[in-house]
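Below, each value reflects all heavy atoms present in this structure, side chains not excepted, and no hydrogens, waters or symmetry copies.
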Amino acid sequence: MPYLLKSEPDKYSFDDLLRDKETVWDGIKNNQALITLRNMKKGEDCVIYHSNEGKAAVGLAKVVSVELAPPVPPSKMTTPIVKIKAVKRLKCEKTLDEIRNAGVFQGSIMFRQFRLSVVPLTQEQFDWLVHG
DNA sequence: GCCAACGTTGGC
DNA sequence: GCCAACGTTGGC
C-alpha cells in the first residue's frame, strides 16, 4: 500500500531527503499515524507532501526498512522505526487545492482528518499524484 | 468514565 | 501569528 508522508519543509524538506539519500521518519506522535507506520513494509511507495510552506506533494520515496523497537513507557505499543530513501522529485507537483479537488480524494481520510501526518493512500490516489 | 484544559497540526 | 479541529491528559 502506498502512503503520503507530511513534512514541514523548513524542518525537513524533500530536498533534505535527496541530499541525505535516506532518513528515519521519526517524530511521529499521533497514535493513528503510528499504527500506519507499524504496518509499513519494505519496498512500499511514499509520496512526500510539504505542509505549511509549499502545501504540495513534491517527491517520491520508498520504504527501506521497518523496525519495531520495544515500547517506550508508558506506551505499550512497539516503536516503529521507518527508514525511507529518496526516489525522485515529482515531475508535476500537486498542490493542496488540486489534491482536494481530485475525484480520487473525495471523502479521503486525508481531508476528514487533515492533521494526520502519515496517511495510507489508495493505489488510484497514488497513481494520480504521480501521473495524474 | 466524564469533561475541561491543554497541546499539536496545518491552513490561512 | 492566529485559529479551527482534533487528540491527549489529568482531576474529579
Side-chain angles (χ1 to χ4, degrees):
Chain A
M1 183 184 291
Y3 303 92
L4 182 136
L5 303 177
K6 292 186 189 175
S7 167
E8 295 178 51
D10 51 345
K11 291 184 184 155
Y12 195 85
S13 69
F14 188 68
D15 282 336
D16 293 328
L17 180 60
L18 283 172
R19 184 199 59 217
D20 295 347
K21 303 281 194 290
E22 57 181 46
T23 193
V24 172
W25 206 256
D26 55 8
I28 307 294
K29 291 169 201 159
N30 178 278
N31 207 45
Q32 193 65 44
L34 285 170
I35 289 171
T36 306
L37 282 179
R38 284 188 199 99
N39 286 330
M40 284 188 175
K41 299 285 184 300
K42 180 181 176 180
E44 286 182 320
D45 295 305
C46 303
V47 174
I48 308 296
Y49 170 84
H50 280 171
S51 59
N52 285 325
E53 296 298 316
K55 280 180 293 177
V58 293
L60 272 179
K62 231 179 221 305
V63 177
V64 173
S65 61
V66 181
E67 183 191 340
L68 296 180
V72 178
S75 170
K76 293 192 175 69
M77 303 286 277
T78 54
T79 310
I81 302 173
V82 174
K83 195 184 280 186
I84 63 169
K85 66 176 178 190
V87 176
K88 61 174 180 179
R89 197 183 299 278
L90 286 182
K91 264 177 266 171
C92 178
E93 292 189 1
K94 294 292 189 300
T95 66
L96 178 64
D97 270 351
E98 291 170 330
I99 297 171
R100 192 182 335 209
N101 290 327
V104 287
F105 277 95
Q106 293 311 305
S108 161
I109 179 96
M110 211 185 132
F111 296 106
R112 291 204 313 276
Q113 278 179 261
F114 69 75
R115 289 166 310 109
L116 270 183
S117 52
V118 181
V119 187
L121 297 174
T122 66
Q123 192 62 46
E124 289 74 22
Q125 289 168 345
F126 177 78
D127 290 343
W128 180 85
L129 286 170
V130 178
H131 304 116

Item to check | Nearest-angstrom distance from the residue atom CG of A:Leu116 to P of C:dG7 | outcome: 8 Å
Item to check | Options C:dG7, C:dT8, B:dC12, nucleotide nearest the side-chain atoms of A:Asn31 | outcome: C:dT8
Checklist entry - Hey, any chance A:Met1 and A:Val82 share a hydrophobic cluster, counting ILVMFWY side chains that come within less than 4.5 Å of each other, even indirectly? => result yes
Checklist entry - Linking I/L/V/M/F/W/Y whenever their side-chain heavy atoms sit closer than 4.5 Å, directly or via other members, would A:Val58 and A:Tyr12 fall into one cluster? => result yes
Next on the checklist: In whole Å, I'd like the distance from the CD1 atom of A:Ile28 to the C1' atom of B:dG7.
Outcome noted: 16 Å
Item to check | Interatomic distance where CD belongs to A:Gln32 and P belongs to C:dG7 [whole Å] | outcome: 9 Å
Checklist entry - Out of curiosity, does A:Leu18 fall in the hydrophobic cluster containing A:Val63 (side-chain heavy atoms, cut-off under 4.5 Å, transitive links)? => result yes
Item to check | Nearest-nucleotide comparison on DNA chain B, the residue closer to the 5′ end among A:Arg100 and A:Lys29 | outcome: A:Lys29
Checklist outcome for this item: Between A:Asp97 and A:Lys11, the residue closer to the 5' end of DNA chain B by nearest nucleotide is A:Lys11
Item to check | Shared hydrophobic cluster for A:Leu37 and A:Ile84 (ILVMFWY, side-chain gaps under 4.5 Å) | outcome: yes
Checklist entry - When you check the phosphate oxygens OP1 and OP2 of B:dT9, does a side-chain N or O of A:Lys6 lie under 4.0 Å from one of them? => result no
Item to check | Separation of atom CG in A:Leu5 from atom P in B:dT9, rounded to whole Å | outcome: 15 Å
Next on the checklist: For a 4.5 angstrom cut-off between non-hydrogen side-chain atoms, does A:Leu129 reach A:Leu4?
Outcome noted: yes
Checklist entry - Same cluster for A:Val47 and A:Phe105 if Ile/Leu/Val/Met/Phe/Trp/Tyr side chains link at under 4.5 Å? => result yes
Item to check | Check: A:Pro70 main-chain N/O paired with A:Thr78 side-chain donor or acceptor under 3.5 Å | outcome: no
Checklist entry - What's the CG-P distance between A:Leu34 and C:dG7, to the nearest Å? => result 14 Å
Item to check | Near-strand residues of residues 105-114 of chain A, defined as heavy-atom separation under 4.0 angstrom from DNA chain B | outcome: A:Phe114
Checklist entry - Hey, which of these two, A:Asn52 or A:Arg115, hits DNA chain C nearer its 5' end, going by closest nucleotide? => result A:Asn52
Item to check | Under-4.0 Å side-chain N/O to phosphate OP1/OP2 contact, A:Tyr49 with B:dG11 | outcome: yes
